[in-house]
Amino acid sequence: MVTVNLDALIPREDFEITASTKAIKKIESIAIRDITPDSFFFPVVRKPDFQRETNEWDQERVCQFIKSFVEGDLIPAIILWRSESGLIFVIDGSHRLSSLIAWVNDDYGDGVISKPFYNGIVPDEQLNIADRTRKLIDKKVGSYQNFKLALEKPDKVRDDIVKNARELGVLAIQLQWVEGNSEKAEDSFFKINQQSTPLDTTEIKLLRSRRNPNSIATRAIINSGTGHKYWSRFSKEKQCQVEKLANRD
């Protein structure tokens, strides 16, 4: 099965030790306006460093999820944890959230967010699946740009897009928040992911030992030295060396 690589759309961050202790009322849902680049929510969203890569869904599943959202179907809640510095970590739901981010930004692994993530060198297979995904979504759902156009010039787009665009402003995805420190949030992640799409034993070993040399080397080799820099704690010289060795053909 060829899958869509949405891994670049939510940045990874080393998991912090302490949770936010500020007595604030957290938002209970997010709408499309919250995942645009100029929102206050989207720029502080992160994936924890133990989160597996966001590349498990094929084009049909990405398309179906976006279609379900714009048609107002029931969507499972996204589970988040907030750190002391104010960063918001996705504990469960990165594929759901990344699919909507991909739609809003027209980036299915080949756009303005993804290209810098891969140092400007996106594999041909990834470019091809991104293009097929875009065409499928344009056909079955409509592009985000056409949804915006539908409100200004409805005669320029399909009737189904006009209908769904008028509902988009009131649609939202429910949020759930993990309370407690980073250990509680990490434990929640592993429990959740053993119940839905189970992590295999190799994935668990890599995630649990993510700061060990063998795990760092494995991830560097898998991604040819691109993507999230799991080796970012090393000196600049050693980082360059890791990337050079991992990128050897």
Side-chain angles (χ1 to χ4, degrees), residues 2-16 30 32-59 62 66 83 85-90 93-135 137-138 143-145 148 206 210-211 215-249:
V2 180
T3 57
V4 187
N5 196 327
L6 305 177
D7 199 45
L9 301 181
I10 302 176
R12 272 187 178 75
E13 190 85 25
D14 286 347
F15 216 40
E16 300 179 36
I30 55 169
I32 283 295
R33 61 180 174 274
D34 297 311
I35 57 173
T36 57
D38 59 348
S39 73
F40 285 96
F41 178 83
F42 179 58
V44 298
V45 175
R46 299 289 187 272
K47 285 182 293 197
D49 56 358
F50 54 76
Q51 181 82 262
R52 68 171 125 192
E53 292 190 354
T54 315
N55 59 3
E56 298 289 324
W57 287 11
D58 63 14
Q59 61 188 36
V62 172
I66 296 170
S83 73
S85 68
L87 294 176
I88 297 170
F89 288 86
V90 181
S94 62
H95 277 83
R96 279 167 271 153
L97 188 54
S98 294
S99 294
L100 291 179
I101 294 169
W103 183 57
V104 169
N105 292 277
D106 192 32
D107 187 343
Y108 301 97
D110 63 345
V112 295
I113 301 175
S114 294
K115 285 179 180 177
F117 187 73
Y118 298 103
N119 299 329
I121 305 173
V122 181
D124 288 342
E125 183 181 22
Q126 187 169 320
L127 291 173
N128 291 335
I129 186 62
D131 185 58
R132 295 202 300 272
T133 303
R134 181 177 293 105
K135 289 176 179 176
I137 291 169
D138 287 353
S143 70
Y144 178 70
Q145 289 302 317
K148 292 176 67 177
L206 281 173
R210 58 188 177 275
R211 294 188 178 90
S215 293
I216 293 172
T218 299
R219 286 182 154 182
I221 292 169
I222 289 172
N223 293 305
S224 299
T226 64
H228 178 69
K229 297 180 184 293
Y230 294 97
W231 47 93
S232 62
R233 295 188 179 193
F234 299 161
S235 67
K236 290 292 183 183
E237 180 182 355
K238 291 189 181 298
Q239 287 184 46
C240 291
Q241 188 176 6
V242 168
E243 291 165 15
K244 183 177 179 182
L245 289 170
N247 197 28
R248 284 184 173 175
D249 295 328

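Positions are given from 1, in the same order as the sequence printed here. All figures in this text were calculated on a predicted structure; none of them were measured in a lab. The analysis underlying the following values was restricted to heavy atoms, covering all of them including side chains, and did not include hydrogens, waters or symmetry mates.
Under the 4.5 Å side-chain criterion, counting only non-hydrogen atoms from C-beta, Trp57 is not in contact with Leu6. Taking the side chain as every heavy atom from C-beta outward, Tyr118 and Asp7 approach each other to under 4.5 Å. Looking only at side-chain heavy atoms (C-beta outward), Leu97 and Ile30 come within less than 4.5 Å of each other. Inter-residue side-chain proximity for Ile66 and Tyr144 is flagged as unmet; no heavy-atom pair is nearer than 4.5 Å.
Here the shortest heavy-atom pairing between Pro48 and Val90 reads CD-O, 3.3 Å. When all heavy atoms of Ser39 and Pro43 are compared, the pair lying nearest together is O-CD, 3.0 Å. The minimum heavy-atom distance linking Trp103 with Ser143 is given by the pair NE1-C, 3.7 Å. Counting all heavy atoms, side chain and backbone alike, Pro116 lies closest to Gly111 at CD-O, 4.4 Å. Between Ile88 and Phe41, the shortest heavy-atom distance links the atoms CD1-CE1, 3.8 Å.
Legend: salt bridge (charged side-chain N to carboxylate O under 4.0 Å, His left out) pairs involving residues 33-46, not counting sequence neighbours, sorted by first then second residue: Glu13-Arg46. Every pair tested for salt bridge (charged side-chain N to carboxylate O under 4.0 Å, His left out) that includes a residue from residues 111-126 fails, sequence neighbours excluded, so the list is empty.
Remark: Asp138 CG to Thr133 OG1 distance equals 10.5 Å, nearest 0.5 Å. Within the model, atoms CZ of Arg12 and OG of Ser94 stand 8.0 Å from one another, a figure rounded to the nearest 0.5 Å.
At distances below 3.5 Å, not a single donor-acceptor pair connects side-chain atoms of Asp58 with backbone N or O atoms of Thr3. Between the side chain of Asn119 and the backbone N or O of Ile121 there is no donor-acceptor pair closer than 3.5 Å.
Scanning for side-chain contact (heavy atoms from CB on, under 4.5 Å) contacts around Asp107 gives Leu9, Asn105, Asp110, Ile113, Ser114, with sequence neighbours left out. Under the rule for a side-chain contact (heavy atoms from CB on, under 4.5 Å), the partners of Arg132 that lie at least two apart in sequence or sit in another chain are Val2, Gln59, Asn128, Ile129. Applying the salt bridge (charged side-chain N to carboxylate O under 4.0 Å, His left out) rule to Lys135 yields the partners Asp131; only residues at least two apart in sequence or on another chain are considered. Considering only residues two or more places apart in sequence or on other chains, Asn55 meets the side-chain hydrogen bond (donor to acceptor under 3.5 Å, both in side chains) condition with Glu53.
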